[in-house]
Amino acid sequence: MDAAEFRTRGREMVDYIADYLETISSRTPLPDVTPGYLRELLPDTAPTEGENWDAVMEDIDRVIMPGGSASESTLVALLSARTATINKLKGHNPGMTQGQIIDKLVAYISEESHSAAIRAALIGLVTLRSLPTDESGSLRGATLQAAIQEDQQKGLVPFFLNATVGTTFRCSSDNLTELGPICNENNIWMHIDAAYAGSACICPEFRYLLNGVELNATVGTTFRCSSDNLTELGPICNENNIWMHIDAAYAGSACICPEFRYLLNGVEYSNSFTFNPHKWLQGDNPTNTLLNKMINDDRRIHMTPSEVKGQYFLRFLVSNMTRLEDVRFAWMVIQEMTGKLLTS
């Protein structure tokens, strides 16, 4: 590909991405494929010569686009930590095989870590321990220290910690200033997953969240059933490029009733939204699970659930491409499915 074709193909790729973004609302939120679908679409061997760009684009539409995506950064970090630890231990114990060392390795995550960390441990063939968080969703130093001591007494080798700044469960953060020194003292590789909230730290007022990154937990509690003024806060956040997350887990589900919908005036300004139908439906976790299944089986929108301290709840997330009509459409689907659940 010469410079002229590169320029032409680059423009085509930009148009391809722009066309995709403009047609998102017409696409289903989840792919209609099953695990392993790629096997039948890929050739048995790699091509011996490079293909032209038109053929590459055909493969993208035919092979890649029908499927999903994956999170790789945690896997790369874990494998890097594993390799470094293996090399170090083999240097001290030349008689140990790589398999014997891997059998002793232990990685740590919090109970609110992203599932990518679990997949990384499975692929890396290492033991994974999920550690409890405090009431604010933060993994604390004392918890990690206790786990390390317990595993070391068993003859295991703690080698990796996946700490999080902004969990997808409830946007909580692990206490890096406590975890960092413990990892350094025990020669543990600390990887910080800041994919969800880390980008906000480009703003000086949010950089405290990364206190300890060289080696902050956020605390939020509900004192009373009051609501912030979204119609005032939303425009201010938008004007200053501030991510606004609406935590409506306590009372937001009541807004399914017309008489309470005024509470969500201004929701269109938000970037993410959490609600918990359990609080209004007076149902248990199975009821919330059923609602989530009904919404996702309907396939007009897709909602990912979370479970924190035994409480199951639904999360509604939007992107910078989300329009007000998209939010209203999603809310209509949620109300419709909840209505069906109530009458069933």
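Sorted by first and then second residue, the pairs that involve residues 178-192 and meet salt bridge (Lys or Arg N to Asp or Glu O under 4.0 Å), not counting sequence neighbours, are Arg140-Glu178. Within the structure, salt bridge (Lys or Arg N to Asp or Glu O under 4.0 Å) contacts touching residues 120-132 (residues at least two apart or in different chains) are Arg129-Glu150, Arg129-Asp151. Residue pairs satisfying the salt bridge (Lys or Arg N to Asp or Glu O under 4.0 Å) criterion with at least one member in residues 84-103, sequence neighbours excluded, are absent.
Evaluation of the side-chain hydrogen bond (donor to acceptor under 3.5 Å, both in side chains) rule for Thr304 yields Arg315 as partners, not counting sequence neighbours. Scanning for side-chain hydrogen bond (donor to acceptor under 3.5 Å, both in side chains) contacts around Tyr16 gives Asp61, with sequence neighbours left out. Applying the salt bridge (Lys or Arg N to Asp or Glu O under 4.0 Å) criterion to Glu58, with sequence neighbours excluded, gives no partner residue. Shown here are the side-chain contact (heavy atoms from CB on, under 4.5 Å) partners of Thr8, two or more places apart in sequence or in another chain: Glu12. When the side-chain hydrogen bond (donor to acceptor under 3.5 Å, both in side chains) test is applied to Asp54, the partners found at least two apart in sequence or on another chain are Arg9. Listed by chain and number, the residues in a side-chain hydrogen bond (donor to acceptor under 3.5 Å, both in side chains) with Glu111 are Thr133, Lys309 (sequence neighbours excluded). Val333 is linked by a side-chain contact (heavy atoms from CB on, under 4.5 Å) to Asp298, Arg300, Ile301, Phe329, Met337, counting only residues two or more places apart in sequence or in another chain. For Arg62, the salt bridge (Lys or Arg N to Asp or Glu O under 4.0 Å) partners at least two apart in sequence or on another chain are Asp59. Partners of Glu325 according to the salt bridge (Lys or Arg N to Asp or Glu O under 4.0 Å) rule, which considers only residues two or more places apart in sequence or in another chain, are Arg323.
Linking Ile, Leu, Val, Met, Phe, Trp and Tyr whenever their side-chain heavy atoms come within less than 4.5 Å puts Met13 and Val56 in one cluster. Residue Val157 is grouped with residue Leu79 when hydrophobic side chains (ILVMFWY) are merged at heavy-atom distances under 4.5 angstrom, including chains of intermediate members. In terms of hydrophobic clustering, with Ile, Leu, Val, Met, Phe, Trp and Tyr side chains grouped at heavy-atom distances under 4.5 Å, Val126 and Met96 are assigned to a common cluster. Hydrophobic clustering (side-chain heavy atoms under 4.5 Å, transitive across Ile, Leu, Val, Met, Phe, Trp, Tyr) keeps Val76 apart from Leu105. Cluster annotation: Leu21 and Val14 are assigned to distinct hydrophobic clusters (Ile/Leu/Val/Met/Phe/Trp/Tyr, side-chain heavy-atom contacts under 4.5 Å, transitive).
Other residues, nucleotides and ligands place more than 12 heavy atoms under 6.0 Å from the CD atom of Glu5. No more than 12 heavy atoms of other residues, nucleotides or ligands sit less than 6.0 Å from atom CG of Asp44.
With 3.5 Å as the limit, one finds no donor-acceptor pair spanning the side chains of Ser172 and Ser138.
A 4.5 Å side-chain heavy-atom check between Asn288 and Gln311 finds at least one atom pair inside the cut-off. A 4.5 Å side-chain heavy-atom check between Asn187 and Trp189 finds every atom pair outside the cut-off. Using a 4.5 Å heavy-atom cutoff, the side chains of Asp193 and Ser113 are not in contact.
Looking at Thr97, its side chain does come within 3.5 Å of a backbone N or O of Gln100 through a donor-acceptor pair. No donor-acceptor pair closer than 3.5 Å links the side chain of Ser110 to the backbone N or O of Leu131.
Of the listed residues (Leu128, Thr127, Ile148, Thr143), just one forms a side chain to side chain contact (heavy atoms under 4.5 Å, CB included) with Tyr108, and that residue is Ile148.
Atom CG of Asp174 and atom CG of Leu161 lie 7.5 Å apart (nearest 0.5 Å).
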